[in-house]
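Remarks on the structure that follows.
As the structure is a computational prediction, the values presented were derived from the model and not from experiment. What you see below is based on every heavy atom in this structure, not just the backbone, and it leaves out hydrogens, waters and symmetry mates. Numbers here simply count residues along the sequence, with the first being 1.
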Amino acid sequence: MPGENCTLVSEFILVGFSTLPSRLQPVLFVLILLMYLSTLLGTLLIVITVRNERKLQTPMYHYLCTLSLSEIFYTFAIIPKMLSDLLSTQRTISFLGCANQMFFSFTFGFTHSFLLTTMGYDRYIAICHPLRYKVLMSPQRCMQLVATSCFSGLVMGLVVTGAVFHLSFCGPNEIHHFFCHVPPIVKLAWGHVSVTALAVGMLCITALLGCFLLILLSYAFIVATIVKIPSAEGRHRAFSICVSHLTVVVVHYGFASVIYLKPKAPRALEGDTLMGVTYTVLTPFLSPIIFSLRNKELKNILKK
């Protein structure tokens, strides 16, 4: 526990990019900037197209529109600061700024996971219960599922951020990452750190694993239904409905598992930084591309 002479930290130093060679940082800046601008353009194009095209006024595209907005807000919470740090030698962030960054990144990150789960349920209803789809996925029901996903993400962001920043920070103040992520911040705290770290870790793993298992369950029923379709054309049409969503799920959870489930080496800061960039930049960059290229209806409308 911190003593009476403890001086609380007012700012943190993000040392993630300082471990990279100086000649690599400008190259990384240009690459991340181009990918970020492409992500913004792609997601905004999808949102505008869905909002303005009557043919796309269906639950699936409403979910896609909300998912695209969550991608924009998630990247906005992390990437602008990341870009400024790549060109600066003063890689500091205020205590409040760090808390805000963690809150928004966790809120929209978990909202993204909950929306992917909701989209899996939507695909399950569309393929396994097509005659009841309009009843089970009415506009009111669609709005309720979207609101539940966003509210659940907000709760996760509040709980995680509140648990972490309820701790005392008396120094050191160097975060071994390029943004305010939980594990490197908890290492700097005083007090019941192990209890907090365990509780936050279990909460996040339970939420993400629960979402992933629900998606797997949805696709287990979907595959069982597709196999029973007699014609090859019917099976192909049914599978094409799910391919874009399934691809994004594989990319999302694939990168996350590589980063968060790999063994932690004590001197692998450069590798952790580059892998973190891959997850926070590459995954949002790929999502609009996958949904645009793997969805024939959306792709044809975008061409027009």
Between [atom1] of [X] and [atom2] of [Y], what distance do you get to the nearest 0.5 Å?
| X | Y | atom1 | atom2 | value |
| --- | --- | --- | --- | --- |
| T75 | L40 | OG1 | CG | 5.5 Å |
| Y63 | L67 | OH | CG | 12.0 Å |
| T58 | Y133 | OG1 | OH | 6.0 Å |
| I175 | I93 | CD1 | CD1 | 7.0 Å |
| L83 | I32 | CG | CD1 | 6.0 Å |
| L116 | S70 | CG | OG | 8.0 Å |

Sequence-distant partners of [X], side chain to side chain contact (heavy atoms under 4.5 Å, CB included), two or more places apart:
| X | answer |
| --- | --- |
| L96 | S94, N100 |
| A197 | V186 |
| S138 | Q140, R141 |
| T148 | S152 |

Identify the heavy atoms of [X] and [Y] that sit nearest to each other, and give their distance.
| X | Y | answer |
| --- | --- | --- |
| I185 | F165 | CD1-CZ, 4.3 Å |
| F104 | A77 | CB-CB, 3.8 Å |
| N173 | E11 | ND2-O, 3.1 Å |
| V50 | Y61 | CG1-O, 3.5 Å |
| P288 | G42 | CB-C, 3.9 Å |
| Q101 | I78 | NE2-CA, 4.0 Å |

For residues [X] and [Y]: do they belong to one hydrophobic cluster (side chain heavy atoms under 4.5 Å, members Ile, Leu, Val, Met, Phe, Trp, Tyr)?
| X | Y | result |
| --- | --- | --- |
| V30 | L86 | yes |
| L31 | F285 | yes |
| V27 | M82 | no |
| M119 | F73 | yes |
| F151 | F114 | yes |

- Item | F179 and H181 aromatic ring geometry - parallel, tilted or perpendicular at 30°/60° bounds |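 Taking F179 first and then H181, their aromatic rings sit tilted (interplane angle of 30° to 60°).
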- What residue pairs, at least two apart or across chains, pass side chain to side chain donor-acceptor pair (under 3.5 Å) with a residue in residues 26-46?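 Passing the test, one end in residues 26-46: no pairs.
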- Which side chain to side chain donor-acceptor pair (under 3.5 Å) pairs, counting each pair once, include a residue from residues 107-120, with sequence neighbours left out?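 Pairs touching residues 107-120 that pass the test: E71-H112, S113-H252, T118-S149.
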- May I ask you to check whether F169 and F12 place their ring centers less than 6.0 Å from one another?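 Yes.
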- Message: Is there a side-chain contact (heavy atoms from CB on, under 4.5 Å) between L154 and F103? Walk through the geometry before answering.
- Response: CA-CA 8 Å; L154 176 64; F103 167 72; 3.4 Å; yes
- Can you sort out the partners of H129 under side chain to side chain donor-acceptor pair (under 3.5 Å), two or more places apart, ordered by chain and number?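 So H129 forms a side chain to side chain donor-acceptor pair (under 3.5 Å) with Y124.
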- Message: Under the salt bridge (Lys or Arg N to Asp or Glu O under 4.0 Å) definition, can you give me all pairs with a residue in residues 78-91, not counting sequence neighbours?
- Response: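 Sorted pair list: K81-D85.
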Side chain proximity check, [X] to [Y], heavy atoms < 4.5 angstrom:
| X | Y | answer |
| --- | --- | --- |
| L158 | F106 | no |
| V281 | I79 | yes |
| I46 | C65 | no |
| M143 | H62 | no |

- Of all pairs that satisfy disulfide bond (SG atoms under 2.5 Å apart), the ones with a partner from residues 128-160, not counting sequence neighbours: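 As it turns out, there is no disulfide bond (SG atoms under 2.5 Å apart) pair with a partner in residues 128-160 once direct neighbours are skipped.
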Under 3.5 Å, sequence neighbours excluded: what are the donor-acceptor pairs made by side chains of residues 215-227?
from: S218; atom 1: OG; to: L214; atom 2: O; distance (Å): 3.0
from: Y219; atom 1: OH; to: C242; atom 2: O; distance (Å): 3.4
from: Y219; atom 1: OH; to: H245; atom 2: ND1; distance (Å): 2.6
from: T225; atom 1: OG1; to: F221; atom 2: O; distance (Å): 2.9

- Give a yes or no on whether F76 atom CZ has more than 12 heavy-atom contacts from other residues, nucleotides or ligands under 6.0 Å away.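 12 or below, so no.
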Going by atom type alone, with no hydrogens or angles, which donor-acceptor pairs under 3.5 Å involve a side-chain atom of residues 198-213 and a protein atom two or more places apart or on another chain?
from: T206; atom 1: OG1; to: M202; atom 2: O; distance (Å): 2.6

- Can you check side-chain contact (heavy atoms from CB on, under 4.5 Å) on L282 and M35, steps first, answer last? CA-CA 8 Å; L282 185 59; M35 294 177 69; 3.4 Å; yes
- Item | disulfide (SG to SG under 2.5 Å) partners of C180, counting only residues at least two apart |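 Applying disulfide (SG to SG under 2.5 Å) to C180 gives C98.
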